[in-house]
Amino acid sequence: MTAFNFGEYSKRIGYSGTAGPDLATLTRLHRAHIGAIPFENLDIQMGRTVTLDPDALQAKMVRQRRGGYCFEQNSLFMLALQSIGFAPEAREARVRQSTGGLMRPRTHMVLTLPCEGREWLADVGFGGDGVLEPIALDGRSTEQAGVVYRVAGEDSVRVLQRQIAGGWEDLYAIMPNPVHPIDFEVGNWFTSTHPRSPFVLTLTAQRIVDDTRHTLRNLTYSITRGTAVQVREITRPEVVPLLRDTFGLEVPDDATFRALDSKPEAATSSSP
């Protein structure tokens, strides 16, 4: 394994200035990372293996200027934080947003860490309506880009929530104990290969630019500012140009994606 190259990473996300284990640095890095490195599952859709070792993460997301999903994004962010003196811990989470109340497996990865006398949640790899900046784990609400968030206690877990329509919507539940890397290897394998995984069934890309959240789910493209959402359907020929121009991803002209280009019989056999 090669050492983490914070200089290359900083250039990739457009971060400049001092970097130390303080809240100002943590917040700026979090914002810069989300704005520069898109959330996406193109490797899964193109039939490639998703690898979590540090060399592969830096090669893909830093040098090749690609994106990734939660296991990749938060693993890379963890390496960056450790390299400048933070002590983050990786934790599993169960996604609750848009699940209809169904129990999901622990297939989301987040980070928790101490900073300036408080415990914080950092998550640069949530493909839903997640935070743009770290949020304290003490239950206090905070507004980010027009959306109010909090981390509420619930039995033995903590739940990231956002305020919507006068109430609180659960985004995901954070498990209480730190996790070993092999546990994320298993979660990554399941998420990237299981025929009923949402990441196998759906082409996904998301990027936040100037507090505006751009999201692509198969052929549905949405733009979110605060709680206002604009949605439109796109055509298959628009996909690659959109991934390039809006999400900043280099995609081959002839790229094929499992969710969009599979034969009907294959798509039917893998549906839930």
Side-chain angles (χ1 to χ4, degrees), residues 1-17 19 25-84 109 111 122-128 130 132-133 184 188 191-192 199 202-218 221-223 234 237-260:
M1 185 187 77
T2 58
F4 182 80
N5 191 320
F6 187 80
E8 281 189 347
Y9 172 77
S10 297
K11 185 176 180 180
R12 169 72 171 103
I13 66 173
Y15 181 88
S16 60
T25 298
L26 176 63
T27 300
R28 289 179 59 213
L29 283 176
H30 200 286
R31 272 270 190 170
H33 183 119
I34 285 179
I37 304 181
F39 180 95
E40 49 104 333
N41 69 338
L42 300 189
D43 280 351
I44 298 171
Q45 287 295 308
M46 293 188 289
R48 300 172 181 172
T49 300
V50 176
T51 305
L52 301 182
D53 72 79
D55 288 348
L57 294 171
Q58 293 180 81
K60 178 182 177 180
M61 289 186 284
V62 176
R63 291 187 284 276
Q64 297 170 18
R65 304 185 69 83
R66 282 281 309 282
Y69 71 161
C70 71
F71 298 113
E72 300 169 285
Q73 296 269 10
N74 283 318
S75 292
L76 182 69
F77 196 55
M78 186 173 190
L79 292 170
L81 295 178
Q82 289 172 332
S83 75
I84 58 174
M109 175 185 180
L111 305 175
D123 183 4
V124 296
F126 187 51
L132 281 68
E133 300 176 358
F184 290 121
N188 176 57
T191 305
S192 63
F199 292 93
T202 306
L203 171 69
T204 298
Q206 180 173 291
R207 186 180 178 192
I208 298 172
V209 182
D210 297 330
D211 293 346
T212 297
R213 194 184 303 264
H214 299 265
T215 305
L216 180 65
R217 299 284 188 269
N218 285 340
Y221 172 46
S222 62
I223 301 173
I234 65 172
E238 292 179 272
V239 172
V240 169
L242 183 67
L243 289 171
R244 287 176 176 166
D245 298 339
T246 298
F247 296 93
L249 295 167
E250 286 300 321
V251 185
D253 289 329
D254 59 352
T256 60
F257 305 113
R258 174 173 178 163
L260 303 181

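Only heavy atoms go into these numbers, but all of them, side chains included; no hydrogens, no water, no symmetry mates.
- Closest approach of Leu57 to Thr51, counting heavy atoms only: CD2-O, 3.8 Å.
- Note that CD1 of Ile84 is 12.0 Å distant from CG of Leu79, once rounded to the nearest 0.5 Å.
- Within the structure, salt bridge (Lys or Arg N to Asp or Glu O under 4.0 Å) contacts touching residues 70-84 (residues at least two apart or in different chains) are Lys60-Glu72.
- A search for side-chain hydrogen bond (donor to acceptor under 3.5 Å, both in side chains) contacts involving Gln82 returns nothing, not counting sequence neighbours.
- With contacts defined as side-chain heavy-atom distances shorter than 4.5 Å, the pair Ile44/Tyr69 qualifies.
- Residues Phe247 and Leu216 have side chains in contact (heavy-atom distance under 4.5 Å, counting atoms from C-beta outward).
- Glu133 places no side-chain N or O within donor-acceptor distance of the main-chain N or O of Arg31, the cut-off being under 3.5 Å.
- Proximity of Gln206 to Arg217: side-chain heavy atoms (C-beta onward) are separated by under 4.5 Å at one or more points.
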Walk me through it: do Val62 and Asn5 pass the test side-chain contact (heavy atoms from CB on, under 4.5 Å)? CA-CA 10 Å; Val62 176; Asn5 191 320; over 6 Å; no
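- Ring centroids of His33 and Tyr9 are separated by less than 6.0 Å, placing the two rings close together.
- Using a 4.5 Å heavy-atom cutoff, the side chains of Leu76 and Gln58 are in contact.
- The environment of Asp210 atom CG is sparse: at most 12 non-hydrogen atoms of other residues, nucleotides or ligands sit within 6.0 angstrom.
- Within the model, atoms SG of Cys70 and CZ of Phe184 stand 8.0 Å from one another, a figure rounded to the nearest 0.5 Å.
- One distance of note links CE of Met109 with CG of Asp123; it measures 9.5 Å at 0.5 Å rounding.
- Here the side chain of Gln45 pairs a donor or acceptor atom with the backbone of Phe199 at under 3.5 angstrom.
- Under the 4.5 Å side-chain criterion, counting only non-hydrogen atoms from C-beta, Asn74 is in contact with Val124.
- Residue Phe126 holds its CZ atom at 13.5 Å from CD of Gln73, rounded to the nearest 0.5 Å.
- Arg244 and Asp253 are joined by a salt bridge, as a carboxylate oxygen and a charged side-chain nitrogen come within less than 4.0 angstrom of each other.
- Here the side chain of Asn218 pairs no donor or acceptor atom with the backbone of Ala259 at under 3.5 angstrom.
- To the nearest 0.5 Å, atom OG of residue Ser192 and atom CZ of residue Arg48 are 14.0 Å apart.
- For the pair Met61/Arg12, no side-chain contact is recorded, criterion being any heavy-atom separation below 4.5 Å from C-beta on.
- For the pair Ala255 and Val251, the tightest heavy-atom approach, listed with the atom from each and the gap, is CB-CG1, 3.6 Å.
- Counting heavy atoms from C-beta outward, Phe257 and Met46 have side chains that approach closer than 4.5 Å.
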Worked verdict on Glu40 versus Leu243 for side-chain contact (heavy atoms from CB on, under 4.5 Å): CA-CA 10 Å; Glu40 49 104 333; Leu243 289 171; over 6 Å; no
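- Note on Arg65 versus Glu250: no salt bridge recorded, every NZ/NE/NH1/NH2 to OD/OE distance being 4.0 Å or above.
- At least one donor-acceptor pair closer than 3.5 Å links the side chain of Arg213 to the backbone N or O of Gly130.
- How far CG of Leu42 is from CG of Leu249: 5.5 Å, rounded to the nearest 0.5 Å.
- Phe4 and Ala80 make their closest contact through CE2-CA, 3.5 Å (heavy atoms, listed as atom of the first residue, atom of the second, distance).
- A donor-acceptor pair under 3.5 Å is absent between the side-chain atoms of Asn41 and the main chain of Leu203, judged by distance alone.
- Contact of the His214 side chain with the Tyr221 side chain is registered, since non-hydrogen atoms from C-beta on lie closer than 4.5 Å.
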